[in-house]
Amino acid sequence: MNPPIINYRISHWLYYHHCKHLSRLLDWTGRLLYSCFVPGQAQIGKNFKLAYWGLGVVVHIKTKIGDNCKLGQNVTLGGKGKGVPVLLDNVYVGGGSFVVGGITLGNNVIVGANSFVDKDVPDNAIVAGAPAKILRFREDV
């Protein structure tokens with residue numbers, strides 16, 4: 001586990017044990033030390049990974065991320081109007097991508113680098129582009 005994820009796990013524990021001020025302090029400490037913002041309020045599953053220690057990653061406080069997900073550098077998971085993204089299990093988001101709005105990325109989804117995703121993506125899809133379009137479906141899962 002890299003340091004920003006350890007920072008997140010401690011902040012998450014503090015937040016859900018009613019130490020919200022300490023949690024926020026740790027969030028901002030992580031922001032300054034690692035140049036990424038992964039707040040303790042976000043719900044992130046097991047085996048979460050950040051490429052390059054999460055350089056430039058921004059995660060909305062209400063985002064939900066499943067198990068075995070990986071974010072490349074400079075990824076933004078943010079709100080747009082109503083709602084924030086939900087990433088199910090085994091999702092990879094390539095570097096420089098924006099995933100915004102109340103959308104869901106299904107299980108085993110791959111988002112290509114520098115993509116802009118603002119619509120739901122079904123399970124096993126590979127998407128890329130701005131706006132992102134389905135290129136094909138994975139057959140290896």
Side-chain angles (χ1 to χ4, degrees), residues 1-138 140-141:
M1 231 185 314
N2 58 29
I5 295 172
I6 294 169
N7 191 74
Y8 160 77
R9 297 288 181 204
I10 296 168
S11 176
H12 184 75
W13 187 90
L14 288 168
Y15 184 81
Y16 285 97
H17 285 86
H18 308 291
C19 299
K20 294 179 182 180
H21 294 296
L22 283 175
S23 173
R24 287 202 182 113
L25 178 64
L26 201 56
D27 292 343
W28 284 99
T29 301
R31 168 78 172 86
L32 293 171
L33 290 176
Y34 310 115
S35 297
C36 69
F37 187 69
V38 184
Q41 294 97 312
Q43 296 177 19
I44 300 175
K46 296 179 271 185
N47 300 318
F48 176 62
K49 292 185 172 47
L50 292 169
Y52 302 101
W53 282 17
L55 185 63
V57 169
V58 177
V59 176
H60 192 280
I61 62 173
K62 294 182 181 177
T63 299
K64 295 179 183 175
I65 300 174
D67 295 337
N68 306 310
C69 291
K70 183 175 182 179
L71 304 180
Q73 72 280 7
N74 294 316
V75 168
T76 299
L77 304 178
K80 175 184 161 192
K82 293 184 179 181
V84 295
V86 174
L87 281 64
L88 299 183
D89 296 337
N90 306 308
V91 173
Y92 172 75
V93 181
S97 296
F98 291 85
V99 180
V100 296
I103 64 169
T104 300
L105 300 186
N107 293 304
N108 308 307
V109 165
I110 297 174
V111 176
N114 297 313
S115 296
F116 179 81
V117 185
D118 64 349
K119 292 184 173 54
D120 289 340
V121 178
D123 290 351
N124 306 314
I126 299 173
V127 299
K133 295 185 181 354
I134 297 174
L135 302 177
R136 65 184 178 92
F137 287 89
R138 296 177 63 180
D140 61 339
V141 287

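This one's a predicted model, so the numbers in the text were calculated from it and none came from an experiment.
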Drop me the distance from [X]'s [atom1] to [Y]'s [atom2], to the nearest 0.5 angstrom.
{"X": "Ile126", "Y": "Arg136", "atom1": "CD1", "atom2": "CZ", "result": "3.5 Å"}
{"X": "Ile65", "Y": "Gln43", "atom1": "CD1", "atom2": "CD", "result": "10.5 Å"}
{"X": "Asn2", "Y": "Tyr52", "atom1": "CG", "atom2": "OH", "result": "12.5 Å"}
{"X": "Cys19", "Y": "Leu26", "atom1": "SG", "atom2": "CG", "result": "11.5 Å"}

Which residues share a salt bridge (Lys or Arg N to Asp or Glu O under 4.0 Å) with Asp118, sequence neighbours left out: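 Asp118 satisfies salt bridge (Lys or Arg N to Asp or Glu O under 4.0 Å) with Lys80 once adjacent residues are dropped.
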Using the test side-chain contact (heavy atoms from CB on, under 4.5 Å), find all partners of Leu33 that sit at least two apart in sequence or belong to another chain.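 Testing Leu33 for side-chain contact (heavy atoms from CB on, under 4.5 Å), a comparison that skips the adjacent residues, returns Thr29.
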Minimum-distance pair of heavy atoms, taken over all atoms of [X] and [Y]:
{"X": "Tyr16", "Y": "Gln41", "result": "OH-O, 3.6 Å"}
{"X": "Val75", "Y": "Gly94", "result": "CG2-O, 3.4 Å"}
{"X": "Gly106", "Y": "Val91", "result": "O-CG2, 3.3 Å"}

Suppose the criterion is salt bridge (charged side-chain N to carboxylate O under 4.0 Å, His left out): which pairs have a residue in [range], not counting sequence neighbours?
{"range": "residues 84-110", "answer": "none"}
{"range": "residues 31-58", "answer": "none"}
{"range": "residues 18-29", "answer": "none"}

In residues 108-117, what donor-acceptor pairs under 3.5 Å come from side-chain atoms, sequence neighbours left out?
unit_1 : atom_1 : unit_2 : atom_2 : d
Asn108 : OD1    : Asn90  : ND2    : 3.3
Asn108 : ND2    : Asn124 : OD1    : 3.0
Ser115 : OG     : Gly112 : O      : 2.7
Ser115 : OG     : Gly129 : N      : 3.1

Any side-chain heavy-atom pair from [X] and [Y] closer than 4.5 angstrom?
{"X": "Val99", "Y": "Thr76", "answer": "no"}
{"X": "Asp120", "Y": "Pro122", "answer": "no"}
{"X": "Leu88", "Y": "Thr104", "answer": "yes"}

Side chain to side chain contact (heavy atoms under 4.5 Å, CB included) assessment of Leu50 paired with Leu71: CA-CA 5 Å; Leu50 292 169; Leu71 304 180; 4.0 Å; yes
With sequence neighbours excluded, what pairs up with [X] under the side-chain hydrogen bond (donor to acceptor under 3.5 Å, both in side chains) test?
{"X": "His12", "value": "Tyr8"}
{"X": "Arg9", "value": "none"}
{"X": "Ser23", "value": "Ser11"}
{"X": "Asp123", "value": "none"}

Could you list the donor-acceptor pairs under 3.5 angstrom formed by side chains in residues 56-63, with sequence neighbours left out?
unit_1 : atom_1 : unit_2 : atom_2 : d
His60  : ND1    : Lys62  : N      : 3.0
Thr63  : OG1    : His60  : O      : 3.1

So does Phe48 get a backbone contact from the side chain of Asn68, meaning a donor-acceptor N/O pair under 3.5 Å?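 Side chain of Asn68 to backbone of Phe48, a donor-acceptor pair under 3.5 Å: no, none is there.
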Give the ring-plane orientation class for Tyr34 versus Trp53, where under 30° counts as parallel, over 60° as perpendicular and anything between as tilted.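 Aromatic pair Tyr34/Trp53 classed perpendicular.
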List the steps and the verdict of side chain to side chain contact (heavy atoms under 4.5 Å, CB included) for Val84 and Leu77. CA-CA 8 Å; Val84 295; Leu77 304 178; over 6 Å; no
Considering residues at least two apart in sequence or located in another chain, which fulfil the ring pair (Phe, Tyr, Trp, His ring centres under 6.0 Å) criterion with His18?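 With sequence neighbours excluded, His18 shows a ring pair (Phe, Tyr, Trp, His ring centres under 6.0 Å) to no residue whatsoever.
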